[in-house]
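In what follows, a single structure is set out as structure tokens and then discussed.
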Amino acid sequence: QVQLLESGGELVPPGGSLRLSCTLSGRTMRTYTVGWFRQAPGKEREFVATSRGNGGSTYYADSVKGRFTMSRDNAKNMVVLQMTSLKPEDTAVYYCAAGQRSILSTVRFPTAYDYWGQGTQVTVSS
């Protein structure tokens, strides 16, 4: 059984930076597509970034492109989301997700993922 555990969320001022981590246990991460999503109060879960397995590419939502960087370390079964130039609208619970699907047209949607972490709260406020 795959389990995901996120960490790193906290309160940060606008313009600040934050590093989120997600560790996968129960399987080897190498073949999995691993994504980050976020959900703000009263809003639907939103795609942030995803890294396809087996050496596949990484993709970002337009709203975070140029500010967020996702990296993965398959040896450590871990992915990192480095967030910079944070804005109040980035405030949300951030979730890590994993799945075996890798088709580009699908991996931006929550339905492409089979496993989810509990989420970590990111609050951007002065």
Side-chain angles (χ1 to χ4, degrees):
Q1 180 71 14
V2 173
Q3 292 184 320
L4 299 165
L5 181 63
E6 307 97 333
S7 63
E10 62 181 64
L11 172 64
V12 61
S17 299
L18 204 57
R19 182 179 181 270
L20 304 183
S21 299
C22 172
T23 300
L24 185 151
S25 61
R27 292 285 191 278
T28 299
M29 192 179 73
R30 182 180 57 83
T31 62
Y32 283 84
T33 294
V34 182
W36 286 97
F37 289 78
R38 64 187 182 187
Q39 189 165 18
K43 295 188 176 182
E44 292 187 354
R45 195 161 293 191
E46 176 189 29
F47 167 74
V48 175
T50 190
S51 171
R52 295 196 292 180
N54 294 316
S57 301
T58 301
Y59 302 95
Y60 299 91
D62 288 343
S63 59
V64 307
K65 201 173 293 183
R67 299 188 298 123
F68 291 11
T69 302
M70 181 178 179
S71 60
R72 66 191 288 161
D73 186 335
N74 289 329
K76 295 182 179 179
N77 265 21
M78 185 172 72
V79 296
V80 169
L81 184 68
Q82 181 67 47
M83 305 187 292
T84 64
S85 302
L86 283 161
K87 306 174 182 180
E89 51 264 43
D90 294 318
T91 296
V93 177
Y94 282 69
Y95 296 92
C96 179
Q100 295 281 23
R101 298 168 183 83
S102 62
I103 298 173
L104 181 56
S105 62
T106 65
V107 295
R108 294 173 181 264
F109 299 96
T111 51
Y113 300 84
D114 303 305
Y115 308 101
W116 291 83
Q118 293 296 314
T120 185
Q121 176 71 48
V122 172
T123 303
V124 184
S125 175
S126 54

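In what follows, residues are counted from 1 in the order of the sequence shown. These figures come from a predicted structure and were not determined experimentally.
Among all heavy-atom pairs drawn from Val124 and Thr91, the shortest one is N-OG1, 2.9 Å. Nearest heavy-atom pair across Arg38 and Ala92 is CB-CB, 3.8 Å.
Under a hydrophobic clustering in which Ile, Leu, Val, Met, Phe, Trp and Tyr are joined whenever their side-chain heavy atoms come within less than 4.5 Å, directly or via other members, Trp36 and Trp116 fall into different clusters. With hydrophobic clusters built from ILVMFWY side chains whose heavy atoms lie under 4.5 angstrom apart, Val93 does not share a cluster with Val64.
Under the 4.5 Å side-chain criterion, counting only non-hydrogen atoms from C-beta, Glu46 is in contact with Ser63. Residues Leu20 and Thr120 form a side-chain contact, since some pair of their non-hydrogen atoms from C-beta on lies under 4.5 Å apart. For the pair Val34 and Tyr113, the minimum side-chain heavy-atom distance is 4.5 Å or more.
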Could you give me the CA-CA distance, side-chain angles and deciding distance for Thr58 and Thr50, then say whether side chain to side chain contact (heavy atoms under 4.5 Å, CB included) is met?
CA-CA 6 Å; Thr58 301; Thr50 190; over 6 Å; no
Show, in sequence, the C-alpha distance, side-chain angles and deciding distance for Asn74 and Arg72, and conclude whether the side chain to side chain donor-acceptor pair (under 3.5 Å) test is met.
CA-CA 6 Å; Asn74 289 329; Arg72 66 191 288 161; 3.0 Å; yes
Between side-chain atoms of residues 2-9 and protein atoms elsewhere (two or more places apart, or another chain), which donor-acceptor pairs fall under 3.5 Å?
unit_1	atom_1	unit_2	atom_2	d
Glu6	OE1	Gln118	N	3.1
Glu6	OE1	Gly119	N	2.9
Glu6	OE2	Cys96	N	2.8
Glu6	OE2	Gly119	N	3.2

Report, one line per pair, each donor and acceptor closer than 3.5 Å where one atom sits in a side chain of residues 76-85; sequence neighbours left out.
unit_1	atom_1	unit_2	atom_2	d
Asn77	OD1	Met29	N	3.1
Asn77	ND2	Leu24	O	3.1
Asn77	ND2	Arg27	O	2.7
Thr84	OG1	Arg67	O	2.7

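Atoms CG and OG, from Leu104 and Ser57 in turn, are 8.5 Å apart once rounded to the nearest 0.5 Å. Between the CD atom of Glu10 and the OG1 atom of Thr123 there is a distance of 10.0 Å, given to the nearest 0.5 Å. Atoms OG1 and CZ, on Thr69 and Arg19 in that order, are 12.0 Å from each other to the nearest 0.5 Å. Interatomic distance, Leu11 CG to Ser126 OG, rounded to the nearest 0.5 Å: 9.0 Å.
A salt bridge (charged side-chain N to carboxylate O under 4.0 Å, His left out) check over residues 54-63, counting only residues at least two apart or in different chains, returns the pairs Asp62-Lys65. Among residue pairs with one or both ends in residues 94-114, those qualifying as salt bridge (charged side-chain N to carboxylate O under 4.0 Å, His left out) are Arg101-Asp114; sequence neighbours excluded. Within the structure, ring-ring contact (aromatic ring centres under 6.0 Å, His included) contacts touching residues 92-112 (residues at least two apart or in different chains) do not occur. Residue pairs that meet the ring-ring contact (aromatic ring centres under 6.0 Å, His included) test with at least one member in residues 41-84, sequence neighbours left out, are Phe37-Phe47.
For Glu89, the CD atom counts as densely surrounded, since its 6.0 Å shell holds more than 12 non-hydrogen atoms of other residues, nucleotides or ligands.
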